[in-house]
Asks: 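Please read through the structure below; I'll follow up with questions.
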Amino acid sequence: MRLACWVVDDTGAVRASAPFDEALELVIGGDAMLDAVGSLDATEHVVELATGVWAIPIPARKRRVGTGVLAAVAFGPGASECSCLRASAASHGVSASALTQLMGDHEVLSADAAERLAVSLRTMQSDIEGGAESSRALFDVSRQLGEAYEEINLLHTLTRSMNEVANPGSFVQNACDELCAASHFGWVAAAFVQDPKVMRSQAGATFRSGQDNGQTIAEAVRLASSATDPEGRVERHSTLGLVLVQPILRNGVPIGVALAGGKTVCDEEINSIDIAMVESTTRAIGVLAENAFLYEDQQAMFIGTLGALTGSIDAKDPYTRGHSERVAHLGRQLALAAGMTEPAAERVHIGGLVHDIGKIGVPESVLSKPGRLTDEEFDLIRLHPRIGYDILRDIPLLEDVLPGVLYHHERYDGRGYPAKLEGESIPLIARILGIADAFDAMSSTRTYRRAMPRPQVIGEVEKNAGVQFDPELAKIFVTLDFTVYDQLVQQHQRLGEGSAAA
């Protein structure tokens, strides 16, 4: 548009000029012109600096805040006669006639045209600024929507995992991983207080996700041990940088702390979205912690009740004291060694506790009879799996362990009882408990024989692999470490001796 342009900041200093006619740039950029441009007021419309020289100040704004003036200078007839231009030209060795020739193509605007041009330029600048503001607003909204989506997705993921009350540690680790992936934090950590009264199995546990400088765990443990403030806060640490610290609450009481830091975006400040995502995560962990606490209480009561019940049955025969507890231990150990998950192995353990509960329906005179049993008495003994099944089948919590109760005396060759199942048609839990039951029976002193030496018992398991026992399970069983089992045997023997003395 044949306009000379300068950017003037809000202090009046000329900071930059836009490209112009190279030959004229030296002439019109003299001190006199720059002083005139720097004194322009953004509220003015058109200023006539000299005859034929029109200055058009255009307000410059960013986010609706004035940042200075964009000064455009237009030329009309007679501009080459302007004294400041002639002085500037003379200082650069340009004669008056040469200046007139240079300005010839630029002297095109009248006063009215300059006014109309000013209106157009101001409108264009306003549109540009409005477009930039809209683009920034759209970017901000898009970013907020994206972060809101990540927060909703995080909550959805955590909610789907809220049923993991039997394994709260897995949930907490998953929550840390999901928060780290969904947010701009480089690392996330969670630590719980060292107090079994408030956290049971997770007391003192620490979880971490992402990359940090190696100090996160120590810092999380320190903060968790003093987690008494129910309010979140942002701290700056010499080793961790800017860190968001959020307490994990159970019924309003701090039980641990979550930390998040190492932001991976240009804006390292922790904002409201960051705080909301960490708060959502800690609330989910707090709810899960309460459910897990109640679940663990319920499980402890359940297992304690089963232990008391089976203990009362074992107590009917001093020679079998602790048998169910030892079978439960061996069954769980074998299940884990065979590749079963921790929760599945725990169910085998429960099956071991109740596998002989049906003996409550067998006369005590038969259970504790010295010497060999008659065929009729042995028939009574063989009823105990079915009796146990009938006793437990209406308890929903034990539904999955019933096959172990009913079929733990089946044999791999099909010659067992009560259903003469064979091979892998025998449920896995029953095949596991069958080996554990036989091993403990052979390792225990009974009314009719003394306990077998360990090498002889192992030999019997190996010899009966594929006959009485599942061959693969038998192969694994003989490799187990029986240290804890032997400790249980000694413990039960001491209890038996104490009862006899009393």
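Owing to the predicted nature of the structure, the values given are computational and were not obtained by experimental measurement.
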Asks: Measuring only between side-chain heavy atoms, which start at C-beta, is L428 closer than 4.5 Å to M340?
Replies: yes
Asks: I58 and side-chain contact (heavy atoms from CB on, under 4.5 Å): which single residue from V69, T123, L121 fits?
Replies: L121
Asks: Quick one: pull up NE2 in H329 and OH in Y485 and give me the separation to the nearest 0.5 Å.
Replies: 9.0 Å
Asks: Hey, does L70 have a side-chain heavy atom less than 4.5 Å from the side chain of V7?
Replies: yes
Asks: For a 4.5 angstrom cut-off between non-hydrogen side-chain atoms, does R122 reach P59?
Replies: yes
Asks: So which heavy atom on W187 is nearest to which on G262, and how close?
Replies: NE1-N, 3.6 Å
Asks: Nearest 0.5 Å please: distance from the OG1 atom of T282 over to the CD atom of Q246.
Replies: 4.5 Å
Asks: Yes or no on side-chain contact (heavy atoms from CB on, under 4.5 Å) for H408 and V327, after CA distance, side-chain angles and deciding distance?
Replies: CA-CA 11 Å; H408 68 275; V327 170; over 6 Å; no
Asks: Which heavy atom in A71 sits nearest to a heavy atom in V8, and how many Å separate them?
Replies: CB-CG2, 4.4 Å
Asks: So do the side chains of I357 and S324 get within less than 4.5 Å of each other, counting heavy atoms only?
Replies: no
Asks: Where do A335 and V348 come nearest, in terms of heavy atoms and distance?
Replies: CB-CG2, 4.1 Å
Asks: Looking just at side-chain N and O atoms, do D356 and H384 make a donor-acceptor pair shorter than 3.5 Å?
Replies: yes
Asks: To the nearest 0.5 Å, how far apart are CZ in R208 and CG in D177?
Replies: 11.5 Å
Asks: Can you find a heavy atom in the side chain of D437 that is under 4.5 Å from one in the side chain of H323?
Replies: yes
Asks: Quick one: does H492's side chain have a donor or acceptor within less than 3.5 Å of a partner on V489's backbone?
Replies: no
Asks: Taking the side chain as C-beta and beyond, is there a heavy-atom pair between R393 and V405 under 4.5 Å?
Replies: no
Asks: Picking from I395, L392, I429, what satisfies side-chain contact (heavy atoms from CB on, under 4.5 Å) with L402?
Replies: L392
Asks: Rounded to the nearest 0.5 Å, how far apart are CG of D440 and CZ of R326?
Replies: 4.0 Å
Asks: Mind checking the CG-CG spacing from L433 to L330? Nearest 0.5 Å is all I need.
Replies: 10.0 Å
Asks: Indicate the ring-plane relationship of F192 and F207, choosing parallel, tilted or perpendicular according to the 30° and 60° boundaries.
Replies: perpendicular
Asks: Return the minimal non-hydrogen interatomic distance between P403 and D400, and the atom names on each side.
Replies: CD-O, 3.6 Å
Asks: Which is it for D486 and Q490 under the side chain to side chain donor-acceptor pair (under 3.5 Å) test, yes or no, and what are the steps along the way?
Replies: CA-CA 6 Å; D486 291 335; Q490 294 173 6; over 6 Å; no
Asks: Using the ring centroid of each side chain, check whether H355 and H409 are separated by less than 6.0 Å.
Replies: no
Asks: For the CG atom of L397 and the CZ atom of R347, what is their distance to the nearest 0.5 Å?
Replies: 7.0 Å
Asks: Is there a donor-acceptor contact under 3.5 Å from the side chain of Q333 to the main chain of F482?
Replies: no
Asks: For the residue pair F439 and S443, what are the closest heavy atoms and their distance?
Replies: O-OG, 2.8 Å
Asks: Identify the two heavy atoms, one from E325 and one from L353, that lie closest to each other, and give their separation to 0.1 Å.
Replies: CA-CD2, 4.1 Å
Asks: Under 6.0 Å between ring centres: does that hold for F477 and F469?
Replies: no
Asks: Do Y412 and E422 have side chains that approach each other closer than 4.5 Å (heavy atoms only, starting at C-beta)?
Replies: no
